[in-house]
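The structure under discussion appears below in the form of structure tokens.
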Amino acid sequence: MAKRVIQNTAIILAAIAAAIAALRVHTDWLDHHPDEVRTRERCYSITRAGKNDCATHIHSCAAQAERDRDPREWMMVPKGTCLKIAGGKQQAS
Amino acid sequence: MIPERIAQDLIRQQHRSELLVTAVQLCVIFLLSIVYYVAPRGYTADAPVHSAPLGLSLFAILVLFRLWFAYTRQLNAFWLGFSVVAEMALLLFTIWTYHLQFEEMASINLKNTHIAYVFVLIALRALRFEPLWVILSGLTAALGWSLIVWHTLYSVGTNIITWDYVTYASTRSFHPGSEFDKVLAILLVTFIIAAVLKRARNTLFKAVTQTHAARDLARFFDSGIATKITQAEKYLLAGQGEIRHAAILFTDLRGFTKASALLSPSELIAFLGEYQHLLVPIIQKHGGNIDKFMGDGILASFGAVSPTTTYAANALAAVDSIMEAVEIWSKDLQQRGRPVVSVGAGLAVGEVVFGIIGNEDRLEYTVIGEAVNLAAKLEKHNKAENVKALATLTTLELAEQQGYAHGTDKEKRYGRCVAGVSEPVDLIVIA
């Protein structure tokens with residue numbers, strides 16, 4: 001029976017570990033950021049129509065910006081470059 | 001009160017149900033994972049949460065976790081309850097994360113189509129045939145969805161409430177009627193499935209009990225007759241009968257009376273058991289049906305329970321095999337220092353009536369006819385002829401027509417007077 005208890009404990013610990021790993025990979029809640037976030041940043045107000053990267057509150061995904069330099073649209077740029085671009089903003093406005 | 005072995009049977013069924021639930025869930029996870037990896041992403045790579053892979057991986061972990069407990073038969077009420085609540089909570093949690101994934105207002109969660117899987121999870125629980133788990137799953141879902149609704153209003157504010165359906169359907173708004181619909185539907189599905197299960201469970205219970213009863217009773221019947229009884233389309237009554245051309249075999253243990261004086265009751269029954277274990281499989285192998293055991297005698301029929309075109313050949317072949325087997329058995333008995341016995345057999349063919357006799361409460365399938373009487377008399381006549389097995393000449397002729405081929409010619413004895421038979425009978429000596 002002791003063997004079964006050890007097995008159960010191992011299974012429970014493995015499940016918890018796997019759940020933590022899943023949270024770490026698929027969310028930023030455990031302070032883990034994918035390379036995408038560590039090396040790049042969002043830059044608003046600089047995209048050409050149809051060339052935005054992703055979600056805003058009017059559409060869910062890329063290439064749906066309707067006009068150039070929409071202050072709500074953004075694209076990913078290497079970290080530190082956004083504020084060097086004329087009109088580039090780190091927040092939507 | 002349920003007998004122990006029937007309870008065991010139900011537990012086995014529950015165990016299989018749990019493995020089935022797990023298999024279905026793993027298949028769905030696998031399918032959705034494929035869809036996820038094939039379909040284009042609708043959100044940015046740097047989104048704070050990737051809902052689909054998060055939900056799928058957590059769900060896979062939970063399912064495998066439960067599979068361990070189910071497979072090792074440790075899935076008690078606590079762990080089952082935990083996993084039922086956890087799987088539903090996980091699904092709703094995944095739905096809740098969608099507004100984070102899309103960096104959107106929480107109100108988009110309300111339009112999430114994954115709510116359909118809520119019903120799948122509730123329905124899957126029905127496979128266990130226990131209303132409790134369906135209800136637990138359904139109540140978790142209703143509570144969870146209410147929390148999502150509450151969170152939406154709490155985080156976005158009540159100014160998004162609208163009673164205009166088109167506004168609701170096309171903007172980020174909140175339609176109280178729609179949310180009421182969803183919770184009501186969840187509860188109704190839950191209680192309908194629970195009610196169906198309650199009824200089905202009674203039927204299942206009866207079915208398991210009756211299957212056991214049938215299996216128990218079938219042991220008292222010949223297998224062919226047991227099938228005939230359980231699969232009868234009409235209610236069986238005494239007086240139903242069919243005319244069949246059949247072969248009837250009577251066997252009897254010689255020297256049994258002498259042996260029985262030397263043996264204790266349980267030794268005697270064990271000895272009889274040895275004899276029946278020897279003969280019954282041989283008879284059945286040749287397509288014969290055991291009509292009844294009468295102490296040390298066996299009445300078997302060929303072609304009566306279900307008609308065949310080779311009944312006489314089958315019966316003769318059976319007698320040949322029986323005689324061979326008994327030869328070996330009696331040598332074996334001699335070596336073991338047990339009383340030596342031999343087997344006498346009488347075989348006849350003819351028209352018999354195969355039918356049900358008895359009264360309403362105690363019925364019996366049996367064979368009745370001239371051939372039955374003759375077989376019994378031939379079995380006794382062995383002694384007068386100083387042989388072991390006799391059959392009528394007609395039997396041999398018919399068997400040969402039916403493809404019976406024997407190594408040696410059978411000795412024929414014509415015009416013999418058999419006690420109890422008025423006309424002289426032509427006989428053959430089988431052994």
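Values below: every heavy atom of this structure, side chains too, minus hydrogens, waters and symmetry copies. Per chain, numbering begins at 1; letters A, B, ... match sequence-line order.
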Practice task
Specify the closest pair of heavy atoms between B:Leu54 and A:Ala22, including all atoms of both residues, with the distance to one decimal.
Solution key: CD1-O, 3.7 Å

Problem - B:Leu56 CG to A:His26 NE2 distance, which is reported to the nearest 0.5 Å - result: 8.5 Å

Completion exercise
When every non-hydrogen atom of A:Ala19 is compared with those of B:Ile61, the smallest separation belongs to N-CD1, 3.5 Å

Would you mind writing out the side-chain donor-acceptor pairs for residues 28-39 of chain B within the sub-3.5 Å range, not counting sequence neighbours?
unit_1: B:Ser33; atom_1: OG; unit_2: B:Ile29; atom_2: O; d: 2.7
unit_1: B:Tyr36; atom_1: OH; unit_2: B:Tyr43; atom_2: OH; d: 2.9

Problem - Other residues, nucleotides, ligands: >12 heavy atoms within 6.0 Å of B:Phe180 CZ - result: no

Exercise for the section: Answer with side chain, backbone, both or neither: which region of B:Leu100 has an atom nearer than 4.5 Å to a non-hydrogen atom of chain A? Expected result: side chain

Exercise for the section: Inspect the surroundings of OH in B:Tyr168 and state if more than 12 heavy atoms from other residues, nucleotides or ligands are less than 6.0 Å away. Expected result: yes

Fill in the blank from the handout: The reported gap from CG in A:Asn8 to CZ in B:Phe69 (rounded to nearest 0.5 angstrom) is 4.0 Å

Practice task
Measure the NE2-CG distance between B:His50 and A:Asp28 for me, rounded to the nearest 0.5 Å.
Solution key: 8.5 Å

Completion exercise
d(B:Thr72 OG1, A:Gln7 CD) to nearest 0.5 Å is 8.0 Å

Fill in the blank from the handout: Rounding to 0.5 Å, atoms OG1 (A:Thr27) and CD (B:Gln101) come to a distance of 12.0 Å

